[in-house]
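Contents: one structure, followed by commentary.
Source: prediction; values computed, not measured.
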Amino acid sequence: MTAKQQWMVVLAVVATLGGGAFAATHFLKDELTAITIGSDAPDFKAVTLESTPKLKSIADYKGDVMLLNIWATWCGPCRAEMPSIEKLHQALGPKGLKVVAVSIDNPGKEQAIRDFVKEFNLSFEILHDSTGVIQQIYRTTGVPETFVVARDGVIRKKWIGGEDWNSPQNRRLLEQLLAEPRS
């Protein structure tokens, strides 16, 4: 093989790799970008547990400070952190904090979710995404996973796993965000 032919092979390989990289970034753009601190909170759809379920989305919380918790009834760490989320809601809900917990339990598990809410005496908003699509949208690695969203719709904290949401540092962050003016 001549030097010219070798260079042609190298150019063909580079062009193929470049074309593949372009196609991957173009078609898989959403899957390649992380949802993390500084990202806009993606839209989601989940339903209330009311007798006539209502569809909710991120637009329902526009301009609010929101703690978005993705969880399931069968999740041990979810069970462990729920009391602290309720305490946080009791303290900061009256100041405007929107606590939204989206269950990813399977379809038909609405009663199990209601029983969970009753067991823990939860007073914040509980939604259900029986498809689990919210996990794909927020690119979660499991449950629980929690996002603190500021009034501008930007994620200010992301936490994987259970957490004491009523801790002084978490309350301080949320109080700071609540003190920011509405836009």
Side-chain angles (χ1 to χ4, degrees), residues 34-50 53-105 109-110 112-129 132 134-135 137-183:
I35 302 298
T36 189
I37 296 170
S39 300
D40 287 337
D43 194 14
F44 67 86
K45 292 190 179 16
V47 295
T48 63
L49 294 174
E50 300 165 356
K54 295 178 186 153
L55 189 63
K56 295 276 197 140
S57 72
I58 196 81
D60 292 298
Y61 310 99
K62 184 177 172 130
D64 291 320
V65 176
M66 177 175 58
L67 183 116
L68 175 64
N69 179 260
I70 301 170
W71 67 286
T73 58
W74 45 262
C75 163
C78 300
R79 297 179 73 80
E81 78 175 351
M82 282 297 173
S84 74
I85 295 175
E86 178 60 29
K87 287 178 186 168
L88 178 72
H89 173 69
Q90 292 294 321
L92 298 182
K95 296 179 180 180
L97 177 66
K98 302 296 182 193
V99 175
V100 180
V102 181
S103 167
I104 53 113
D105 281 277
K109 294 293 185 177
E110 292 79 9
I113 299 167
R114 286 185 193 95
D115 292 345
F116 184 98
V117 170
K118 186 176 181 181
E119 176 184 348
F120 287 94
N121 198 27
L122 302 177
S123 61
F124 50 86
E125 187 161 35
I126 304 290
L127 303 177
H128 187 204
D129 175 10
I134 193 167
Q135 290 184 287
I137 294 169
Y138 277 80
R139 294 180 196 84
T140 63
T141 57
V143 288
E145 201 155 321
T146 307
F147 301 84
V148 173
V149 181
R151 294 187 195 285
D152 61 2
V154 173
I155 296 170
R156 300 292 176 90
K157 180 173 182 169
K158 174 182 176 180
W159 192 263
I160 299 171
E163 170 70 332
D164 176 4
W165 287 101
N166 198 40
S167 70
Q169 59 270 32
N170 282 325
R171 285 182 65 155
R172 196 168 24 259
L173 168 65
L174 289 160
E175 287 169 345
Q176 289 171 351
L177 294 174
L178 288 165
E180 292 178 359
R182 292 186 180 269
S183 46

For the [atom1] atom of [X] and the [atom2] atom of [Y], what is their distance to the nearest 0.5 Å?
{"X": "Phe116", "Y": "Cys75", "atom1": "CZ", "atom2": "SG", "result": "8.0 Å"}
{"X": "Arg114", "Y": "Thr73", "atom1": "CZ", "atom2": "OG1", "result": "12.5 Å"}
{"X": "Met82", "Y": "Ile126", "atom1": "CE", "atom2": "CD1", "result": "5.5 Å"}
{"X": "Lys62", "Y": "Asp152", "atom1": "NZ", "atom2": "CG", "result": "10.5 Å"}
{"X": "Ile155", "Y": "Ile35", "atom1": "CD1", "atom2": "CD1", "result": "6.0 Å"}
{"X": "Lys87", "Y": "Asp164", "atom1": "NZ", "atom2": "CG", "result": "8.0 Å"}

Margin query: Under the criterion side chain to side chain contact (heavy atoms under 4.5 Å, CB included), I'd like the reasoning laid out for Leu67 against His89: C-alpha separation, chi angles, the key distance, then a yes or no.
Written below: CA-CA 9 Å; Leu67 183 116; His89 173 69; over 6 Å; no
Taking the side chain as everything from C-beta on, heavy atoms only, tell me whether [X] gets closer than 4.5 Å to [Y].
{"X": "Thr146", "Y": "Trp71", "result": "no"}
{"X": "Lys98", "Y": "Val149", "result": "no"}
{"X": "Tyr138", "Y": "Leu68", "result": "yes"}
{"X": "His128", "Y": "Ile113", "result": "yes"}
{"X": "Lys45", "Y": "Asp129", "result": "no"}
{"X": "Gln135", "Y": "Ile70", "result": "yes"}

- Item | Test side chain to side chain contact (heavy atoms under 4.5 Å, CB included) applied to Leu92 and Trp165, step by step | CA-CA 11 Å; Leu92 298 182; Trp165 287 101; over 6 Å; no
Treating [X] as the side-chain partner and [Y] as the backbone partner, does any N or O pair qualify as donor plus acceptor under 3.5 Å?
{"X": "Arg151", "Y": "Glu180", "result": "yes"}
{"X": "Asp64", "Y": "Met66", "result": "no"}
{"X": "Thr48", "Y": "Lys54", "result": "yes"}
{"X": "Glu110", "Y": "Leu49", "result": "no"}
{"X": "Asp43", "Y": "Ile58", "result": "yes"}
{"X": "Arg156", "Y": "Ala150", "result": "no"}
{"X": "Lys95", "Y": "Glu175", "result": "no"}

Checklist entry - Does the pair Phe124 and Leu97 meet the rule for a side chain to side chain contact (heavy atoms under 4.5 Å, CB included), with working shown? => result CA-CA 10 Å; Phe124 50 86; Leu97 177 66; over 6 Å; no
Non-hydrogen atoms of [X] and [Y] that approach each other most closely:
{"X": "Gly96", "Y": "Leu178", "answer": "C-CD2, 3.7 Å"}
{"X": "Glu81", "Y": "Pro144", "answer": "OE2-CB, 3.0 Å"}
{"X": "Asp105", "Y": "Lys109", "answer": "CB-CB, 3.9 Å"}

Might you confirm whether atom NZ of Lys157 has over 12 heavy atoms from other residues, nucleotides or ligands at distances under 6.0 Å?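 Enclosed: over 12 neighbouring heavy atoms sit under 6.0 Å from NZ of Lys157.
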Among side-chain atoms of Glu163 and Ser84, is any donor-acceptor pair under 3.5 angstrom?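 Short answer, no.
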- [ ] Look at the rings of Tyr61 and Phe44 and say which category their plane angle falls in: under 30° parallel, 30 to 60° tilted, over 60° perpendicular.
- [x]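 Ring orientation, 0 to 90° scale: parallel.
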- Message: Pair Asn69, Val99 - check side chain to side chain contact (heavy atoms under 4.5 Å, CB included), show working.
- Response: CA-CA 8 Å; Asn69 179 260; Val99 175; 6.0 Å; no
